[in-house]
Enquirer: 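Pasting a structure here, questions to come.
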Amino acid sequence: MAAVHESVLDAIGGTPLFRLARLGAGIAAPIYAKAEFLNIGGSVKDRAALSMVLAAERDGLLRPGGTIVEATSGNTGIGLTIAGRQRGYRVIAGVSDRSAAEKSDILRAYGAEVVTAPTNVPQEDPRHLFNLVRRLAEEIPGAWLANQYDNPANPDAHIRTTGPEVWEQTGGRVTHFVAGVGTGGTITGTGSYLKEVSGGAVTVVGADPLSSQYGGGDGSPWYVESIGHFHHPETVEDRWPQAYRSEVVDAFERIPDREALLTARQLAREEGILAGPSSGAAVAAALRVARRLGPDDLVVVLLPDSGRSYLSKVHSDDWMRQWGFLESSDGLRPLIDDAGPLVTVTADATVGAALEALGAAPGGVAPVVLARTAWPYGVSATEVVGSVSREALAAALADGGAKPDDPVGALLGPTLPTVGVGQSPAEARAELGEGHPGVLVLVDGRAVALLDRAQLAG
Ligand code: PMP
């Protein structure tokens with residue numbers, strides 16, 4: 001018989017494991033998924049949130065009438081709001097403007113106040129999410145900043161609960177633990193417990209977006225929310241969270257967005273588990289790990305949240321096509337193969353250098369992107385800040401509006417419309433409309449080609 005609880009807070013943790021029998025078919029090592037979306041607030045973060053609130057009360061940082069403030073992609077905010085409201089506090093959640101809209105709606109439904117901050121700004125910028133919430137916590141009397149990134153009560157929750165659960169549920173047979181790394185609380189706490197209890201026998205594997213810095217990427221943007229470490233090109237001093245202890249992680253599987261997103265969709269269709277994109281990344285990593293193992297090994301992969309919060313993203317065919325994560329036989333692949341490599345101009349390039357680059361650009365127009373030293377995986381569509389055309393630059397030089405050594409960033413034209421590689425030429429022409437010189441074609445969320453009117457006409 002199911003449990004009866006006096007408070008929803010007592011229903012946090014104690015989540016089941018499900019064998020991934022279909023995705024794991026043909027793989028010798030069994031893979032079990034820890035269903036963290038079954039927590040009362042719908043995610044793994046309920047554990048860390050409750051742990052942080054109780055620790056703050058214990059340490060005298062949170063007193064009756066107090067306010068909880070936090071920067072959160074949503075799930076920590078939900079956990080903090082549930083725990084905070086149950087214990088009588090006001091809750092303010094700061095959310096990135098790139099986070100799924102449904103997440104903010106849920107926060108408000110539970111009684112939080114939501115403030116938003118832009119994603120694409122360096123950490124030094126006062127508009128950055130962390131600076132915004134820090135300011136609120138200073139200005140509001142009795143406010144406490146939960147600071148999940150550096151709060152030891154975050155990994156602690158997993159040392160006390162998630163780790164022991166995984167150990168007991170598998171009867172001590174777990175050999176590999178796989179999880180994504182956001183704040184690092186989950187992998188650090190669960191991983192360190194499992195290593196200790198097993199005498200170092202459990203291997204801990206991080207599932208990281210390909211371009212995230214945890215696993216060695218350049219820090220350029222990716223599309224799987226809530227995991228990885230992003231690096232803005234203008235951020236000077238970058239800090240990793242203290243909730244993350246890199247020595248706990250034995251290895252990383254670096255998962256491209258497409259692999260993570262397609263795996264999340266497969267998980268729903270083949271296993272009956274509707275989970276979010278970070279679960280897709282984790283399962284993709286677990287499958288890679290398990291393929292290298294034998295029947296005496298046992299892999300546990302942690303699924304942080306439900307797919308219900310992402311129905312308009314990873315679980316939407318339209319969204320997947322628009323960002324270039326789904327191909328189709330009548331798509332743009334043949335046209336981009338003919339178009340040649342994309343010419344881009346960085347925002348800090350000079351007008352003279354931009355004019356030279358534009359000589360090779362189709363239609364004499366190129367997207368302007370945030371400066372990054374290397375672009376090993378293409379230009380992320382979210383870092384395109386505008387466009388420049390040969391005509392506009394030449395005109396500015398001719399009428400004295402610009403000099404050849406001026407930065408091109410001051411002469412930005414509008415951003416170009418985008419289409420996914422799986423969209424049809426007709427859809428691309430519709431996006432082009434009358435006013436735009438070309439459309440950017442996205443493959444896996446990254447701009448790889450610019451198609452102009454002539455190229456789309458055929
Ligand atoms: N996936 C989702 C959906 C999350 O909300 C989070 C937490 N932000 C994570 C993964 C990463 O967990 P952690 O912060 O414990 O590393």
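Atoms considered below: every heavy atom in the structure, side chains included; atoms not considered: hydrogens, waters and symmetry mates. Indexing begins at 1, ligand by ligand and atom by atom, following the structure's order. Computed from a predicted model, the values in this text were never measured in an experiment.
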Enquirer: Report, in ascending order of atom number, the atoms of ligand 1 lying under 4.0 Å from any heavy atom of G182.
Expert: 11 (C), 13 (P), 14 (O), 16 (O)
Enquirer: Can you see whether D238 engages Q123 through a side-chain donor-acceptor pair at a distance of less than 3.5 angstrom?
Expert: yes
Enquirer: Check whether the side chains of S192 and R245 place a donor and an acceptor atom closer than 3.5 Å, and report yes or no.
Expert: no
Enquirer: Can you confirm whether F325 sits close enough to L262 that some side-chain heavy atom of one is under 4.5 Å from a side-chain heavy atom of the other?
Expert: no
Enquirer: Does ligand 1 come near enough to T183 that some N or O of the ligand is less than 3.5 Å from an N or O of the residue?
Expert: yes
Enquirer: Heavy-atom distances under 4.0 Å are what count here, so tell me which part of N75 touches ligand 1: side chain, backbone, both or neither.
Expert: side chain
Enquirer: Examine the side chains of S211 and R254 and answer whether a donor and an acceptor come within less than 3.5 Å of each other.
Expert: no
Enquirer: Under 4.0 Å between a side-chain nitrogen and a carboxylate oxygen: does that hold for R90 and E113?
Expert: yes
Enquirer: Quick one: does any side-chain atom of D125 pair with a main-chain N or O of P122 as donor and acceptor, under 3.5 Å?
Expert: no
Enquirer: Just heavy atoms, cut-off under 4.0 Å: does T186 contact ligand 1 by side chain, backbone, both, or neither?
Expert: both
Enquirer: Would D305 count as being in polar contact with ligand 1, using the rule that some N or O on each side must be under 3.5 angstrom apart?
Expert: no
Enquirer: Are any of the heavy atoms in I227 under 4.0 Å away from ligand 1?
Expert: yes
Enquirer: For ligand 1, which atoms have a heavy atom of P304 less than 4.0 angstrom away?
Expert: 1 (N), 2 (C), 3 (C), 10 (C)
Enquirer: Consider ligand 1: state whether an atom of it lies below 4.0 angstrom from any non-hydrogen atom of G184.
Expert: yes
Enquirer: Between K103 and ligand 1, does any nitrogen or oxygen pair lie at a separation below 3.5 Å?
Expert: no
